[in-house]
Q: 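This is the structure, below, for whatever I ask next.
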Amino acid sequence: MALRFYNTLTQKVEAFAPLHDNVVRMYTCGPTVYNYVHIGNLRTFTFQDILRRWLRARGFELDHVMNITDIEDKIIRHAAAAHQTIYEYTAQYTAAFLEDSATLRLERPEHIVKATDHIQDMVTAIQKLEAGGYTYISDGSVYYRIAKFPEYGKLSHNDFSGIRSGARVDMDEYDKADARDFVLWKAKKEEEPAWQSSLGEGRPGWHIECSAMAMKYLGETLDIHTGGVDLAFPHHENEIAQSEAITGKPFARFWLHAEHLSIDAQKMSKSLGNFHTLRDLLKEGYAPEPIRYLLASVPYRKKLNFTFDGLRAAATSIDRLRNYKLRLETAKFPDGTNTKLEARTQEAHRAFDEALDDDLNTAEALAAVFEYIRDTNSAMDAGEFLAANAIGALEFLRRFDSIFDVLAPSTKEISLSDHEIDGLIAERIAAKKARDFTRADQIRAGLAGQGIILEDTKEGVRWKRQ
Ligand code: AMP
Ligand code: ZN
């Protein structure tokens, strides 16, 4: 069966092919750079990376745009608190995001574009909406009149036919199922950064950013639009309302949404404070590959509950894969080809490809890999695996790794500052007090992994570098 994806818009699994030529035009809502991304965000970005790699494995070229939201309510608040301009403030987190993405081996989209570099494109888009009668002005700000767009709700499958016309919101975030006219251009408030434009002095709302940049780089109709599930409403619904009002054409053909990463059955989020950044995990001694593996291993439309046990299990899986590869490369197998095993390799290829074609079923794809490893390891033990079979087996591992990308060990050195070590030790003491010995041991092991030895003495904990 052909490559197919679940499309939030139609609520169906549909066969996928790009509209034009062989090129997939894809847009991804990128991070709001007011802090480090957490591994929940990175789950969504890892899904996008697997999607990119699989589209390419299936012979398509990519034209992929990701935006960086570098102007938004929280950014303005945080930058002001740090006595920095929004540019200074967001530059550090944009750089950190790109670094974290590279650490997790996420391919870079063809275009990474910043909102603040596209203010004029947004103004032009808003002017087109004005000309079409989709906007109104209140207190100097420009709002989108959603009652004018009868298809509003078609992505999130909400019926908004009874909405109150004229109820407005000018926050960038608002509650689910509460459809309101949203702000396109916010009139300048005191102290806030603002741009001069024909709409008056102000700044763009969050939603117009993505419509303007997506259409600028990819044209009026995209093949795929992605993001986390929390973005489907209102953000993506609003993107559709804006873009389709401007062009009269479908904005995106396929909408793919990644489910959340949760922790203790709650969504991992900055506002709940229940998050781990990639940086935290690296400092605790976890390598990037198991983190990537864990994030990729659960199919993107299923919830993934993060645990440290899960992370250790991911590391064990990678060890098995690496040991297997080493065996293939170094063992002396008898000459010849076992044709039955050759057929087994073909079957593994087929199962792997079929799983990923099926809406990126990464769990099934990994199952195909591990079943194959188990079968061929037994064949090696029994002396039935012959020298020429290793070629096909290595070829299969290469295909696996072209998507999952976990076999090469990371060479990145992580060095903890004294301050960071003290912080981890304080956390370990608190964990012990709370009788969370698993966590306490984890911290000790993580530090040991980086050559830092703890000594529990009467005076407290001492540490030294090995
Ligand atoms: P933000 O920086 O908040 O705009 O989020 C960046 C991306 O991460 C968006 O696609 C969100 O939908 C996604 N996201 C946020 N929290 C989570 C989570 N806990 N699990 C998976 N994706 C998330
Ligand atoms: Zn967006």
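Ligands are counted one by one from 1 in listed order, and the atoms in each one are counted from 1 as well. Note that the structure is predicted; figures quoted are calculated from it, not measured. Positions are given from 1, in the same order as the sequence printed here.
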Q: How far is atom 20 (N) of ligand 1 from its nearest protein heavy atom, and which residue and atom name does that atom have?
A: Leu261 N, 2.8 Å
Q: Got the closest protein heavy atom to atom 21 (C) of ligand 1, with its distance?
A: Gly40 O, 2.9 Å
Q: Just need the protein heavy atom nearest to atom 12 (O) of ligand 1, so name the residue and atom and give the distance.
A: Asp230 OD1, 2.4 Å
Q: Side chain, backbone, both or neither: which part of Leu231 comes within less than 4.0 Å of ligand 1 when only heavy atoms are counted?
A: side chain
Q: Tell me, with the steps shown, if His236 and His257 meet side chain to side chain donor-acceptor pair (under 3.5 Å).
A: CA-CA 10 Å; His236 292 163; His257 289 105; 2.8 Å; yes
Q: Which angle, to 10 degrees, forms at the Zn ion (ligand 2) with NE2 of His235 on one side and OE2 of Glu239 on the other?
A: 70°
Q: Starting from atom 10 (O) of ligand 1, which protein heavy atom do you reach first, and at what distance in Å?
A: Gly228 N, 3.0 Å
Q: Taking 4.0 angstrom as the limit, do Arg53 and Asp49 come out as a salt bridge?
A: yes
Q: Under a 4.0 angstrom heavy-atom cut-off, which atoms of ligand 1 come close to Lys267?
A: 16 (N), 19 (N)
Q: Write out the residue and atom name of the closest protein heavy atom to atom 19 (N) of ligand 1, then the distance separating them to 0.1 Å.
A: Met268 O, 2.8 Å
Q: State plainly whether the residues Glu99 and Arg279 are in salt-bridge range, i.e. N to O under 4.0 Å.
A: yes
Q: Looking at atom 3 (O) of ligand 1, what's its closest protein heavy atom, distance included?
A: Asn41 ND2, 4.3 Å
Q: Should Glu72 and Lys74 count as an ion pair when the cut-off is N to O under 4.0 Å?
A: yes
Q: Does Glu289 pair with Arg292 as a salt bridge, N-O distance under 4.0 Å?
A: no
Q: Which of the listed options, Thr32, Ile263, Thr69, Thr44, holds the heavy atom that is closest to atom 22 (N) of ligand 1?
A: Thr44
Q: Which atoms of ligand 1 are found less than 4.0 Å from any heavy atom of Pro31?
A: 2 (O)
Q: Taking 2.8 Å as the cut-off, does His236 contribute an N, O or S atom near the Zn ion (ligand 2), distance below it?
A: no
Q: For residues Arg322 and Ala408, report the shortest heavy-atom separation together with the two atoms involved.
A: NH2-O, 3.6 Å
Q: Any salt bridge between Lys216 and Asp121, counting N to O under 4.0 Å?
A: yes
Q: Can any side-chain N or O of Glu61 pair as donor or acceptor with the backbone N or O of Val23 at less than 3.5 Å?
A: no
Q: Hey, would you say the Tyr93 and Tyr36 ring centroids sit under 6.0 Å apart?
A: yes
Q: Return the residue, atom name and 0.1 Å-rounded distance of the protein heavy atom closest to atom 18 (C) of ligand 1.
A: His260 CD2, 3.4 Å
